[in-house]
Amino acid sequence: MIADVVFDVPLAHPLSYAVPAGLAVERGQRVSATLSGRARTGMVVAVREGEANGLLPIDRVVDASPILSATGLELGRWVADESLSSWGSTMLSLLPPAPRRTEPVAPAPVSHPGQVKMPELWIAAARHRRLDQELRKDGSALVVAPDTEAAARWAARLEAARLDSGVPPAERRAAWFAAARGRARIAVGTRSALLVPLPPPATLVLLDEHDAVHKPPGPPRLHSRDVLARRAALEHSRLLLLSATPSVESWWRAGAGQLERPDPEPGPWPRIVTADTRGILRNHPLTLPLTRTIEATARARRSTALIVPRSAPALVCGECGHVPRCPDCGVTQATARAERLLRCRLCVRTEPMPDRCPTCGGHRLAPFGWDAERVEASVRRRFPKLDVSRSDPRAAVLIGPPALLRSCPPGSLGAVGIVALDAVLSAPDFRAGERAFALLWAAAEAVVPSGRVIAQTLHPDHYAIAAVRGQSRQEFYEPELAFRAELGYPPFRRLCLVSVRGATEAQGRRLIAECASALAGVPDLMVYPAVARAAGAACWQFAIKGPAELPRLLAGPLRPFLERRRRQGGMVEVEMDPV
DNA sequence: AGCACGCCGACT
DNA sequence: GTCGGCGTGCTC
């Protein structure tokens, strides 16, 4: 017998090994075998009859039985193809750590009866309560949470097994096999749980579908939403995507009839107030309305959360709030202060940094930003008697990044202040509006209906704010989709980022030019000019816009670069659907 | 002739 | 990713 094995190496094809007599090896099982003279862990993707002469033998099995079903293998293959990565490195990065000694375990389920079910988008305020009720019924379920804290909360709430890295490896492994053999009906995890086999009929759940944490940098370079959608289609599982503010992609798919989306009636809603930061934010992070809200909320014995978004190095006019944007791409231009330049991150376009605001003629153009530490110090000075904290959820004033709202249950806060909404709105990213919309909506849900959300901004008329104020999603998605369509952004076109790191600037330049010329002649691609990521740097990148089958179009031309283009010290990375 | 280094292909 | 082969070029 011969086993075909894939490893965590950038190899396009599996390698064949002899299966020793007496060793039982199946597809989906991890094994140890010699690769380049060393023992390495690989995944068996096929077992077949054949002459094993000249082949090295499998040394031992790592899992006593398959850790993946046939669907899991197929899904891993699809993820690898979609993300231009190797099958082996993709799959091994999606599995729990290997045990030190082989433990006996039950085999994974194989067959998936039933038929394809339409995925569902749950956006209502009661979506979490409804999920709780839904999962108390029969059937297996996988809940994918945005982080380990959320996974812990949901595991406790649903009395489920935990598959995420927040629990010790042995417990994680046990949970994997408990879920696979049906001993644990519900499994909760993060991205690393996406391939866990479940006995049918299964329900797959993605919490906070819109959140960028579902596609972190690095392999496997694919959004959890897309992996689960593919999985649900392959194994006929039910797919529930939960988010009050779905990604623009999912909203569009719902409109196109590819997702079911029950639209809830508007419910009780807090006031959404904007506070003008003109001339204030430079010296102090709190406007008068926000200061008064903190006082009033503290008097009412409730907490105020102050959200401090990570500031982006964009140029903002302190007079009128104007933020320079690239005329071609519509994204905010980033400042390169040393060179006194404004640069678009997508295209090659650079402009000298203006001395005066092109809109109002004001002189106070500056890149600015407040971080949580500065805000905390400032708030303590202003409110010496209040309990101010960056970690204690019961503090009168709670300060943290946007992710802080994930851990605040609905109605648990008296008020939320977005210290610098403009840091989100003016980020050099076409998803800036979507992020601002999601942040404001999450703030509104976390606040009691009698409370308020204060958004400090120079853009009080932005449609994201108006949509949240009116509790009207349509008011956001409609103009947003129009903007995406006009400039050819997702969901209408797909993006890909190719970046290289050379030993020298000239080498980086040469390598990125080789990548670009490898793509010349591929139809239906828009390849942007390469840009250096820092002044005089050896790091270069370019963006590509293309159709839905973009990974298939790029795989052939870019393969030589991805497989063995580390020579000359040059390193090529390809990121599909960058977030 | 002998050895260090780096590039490059192979890895079953 | 990691290894080893082999060519280059320097040294003894």
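Convention: sequence-line order gives letters A, B, ...; per-chain numbering from 1. Below, all heavy atoms of this structure are taken into account, side chains as well, without hydrogens, waters or symmetry copies.
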Without placing hydrogens or testing angles, list every side-chain donor-acceptor pair under 3.5 Å for residues 35-55 of chain A, not counting sequence neighbours.
residue, atom, partner, partner atom, Å
A/Arg48, NE, A/Asp4, OD2, 2.9
A/Arg48, NH2, A/Asp4, OD1, 3.1
A/Arg48, NH2, A/Ser16, OG, 3.0

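Annotation: cation-pi geometry satisfied between A/Lys545 and A/Tyr489 (NZ/CZ under 6.0 angstrom from ring centroid, within 45° of ring axis).
For A/Arg435, the salt bridge (charged side-chain N to carboxylate O under 4.0 Å, His left out) test picks out A/Asp429, with sequence neighbours left out. A/Arg238 pairs by the salt bridge (charged side-chain N to carboxylate O under 4.0 Å, His left out) definition with A/Glu120, A/Glu134, not counting sequence neighbours. With sequence neighbours excluded, the residues forming a salt bridge (charged side-chain N to carboxylate O under 4.0 Å, His left out) with A/Asp164 are A/Arg162, listed by chain and number. Looking at residues two or more places apart in sequence or on another chain, you find a side chain to side chain donor-acceptor pair (under 3.5 Å) between A/Arg509 and A/Glu505.
Nucleotide B/dG9 holds its P atom 13 Å from the CZ atom of A/Phe561, rounded to whole Å. Atom CG in A/Leu15 sits roughly 10 Å away from atom C1' in B/dA10 (whole-Å rounding). Per the geometry, CG belonging to A/Asp4 stands 15 Å off P belonging to B/dC11, to the nearest Å. Atom OH of A/Tyr17 is separated from atom C1' of B/dC11 by 7 Å (rounded to the nearest Å). Rounded to a whole Å, the CG atom of A/Leu56 is 11 Å from the P atom of B/dC11. Following rounding to the nearest Å, A/Arg40 (CZ) and B/dC11 (C1') show an atom-to-atom distance of 10 Å. Regarding A/Asp8, its CG atom lies at a distance of 19 Å from the P atom of B/dC11, rounded to whole Å. Taking atom CG on A/Leu511 and atom P on B/dC7, their separation rounds to 14 Å, with Å as the unit.
Contact annotation for A/Leu11: base contact, defined as any heavy-atom pair under 4.0 Å involving a base atom.
You won't find any donor-acceptor pair under 3.5 Å spanning the side chain of A/Ser36 and the base of C/dC3, going by distance alone.
In this structure, A/Arg185 CZ and A/Leu198 CG are separated by 11.5 Å, a value rounded to the nearest 0.5 Å.
Closest to the side chain of A/Ser16, out of C/dT2, C/dG1, B/dT12, is B/dT12. Of the candidate nucleotides C/dT2, C/dG1, B/dT12, C/dT2 has the atom lying nearest to any side-chain atom of A/Arg38.
Of the residues in residues 43-54 of chain A, not one comes within less than 4.0 Å of DNA chain B through any heavy atom.
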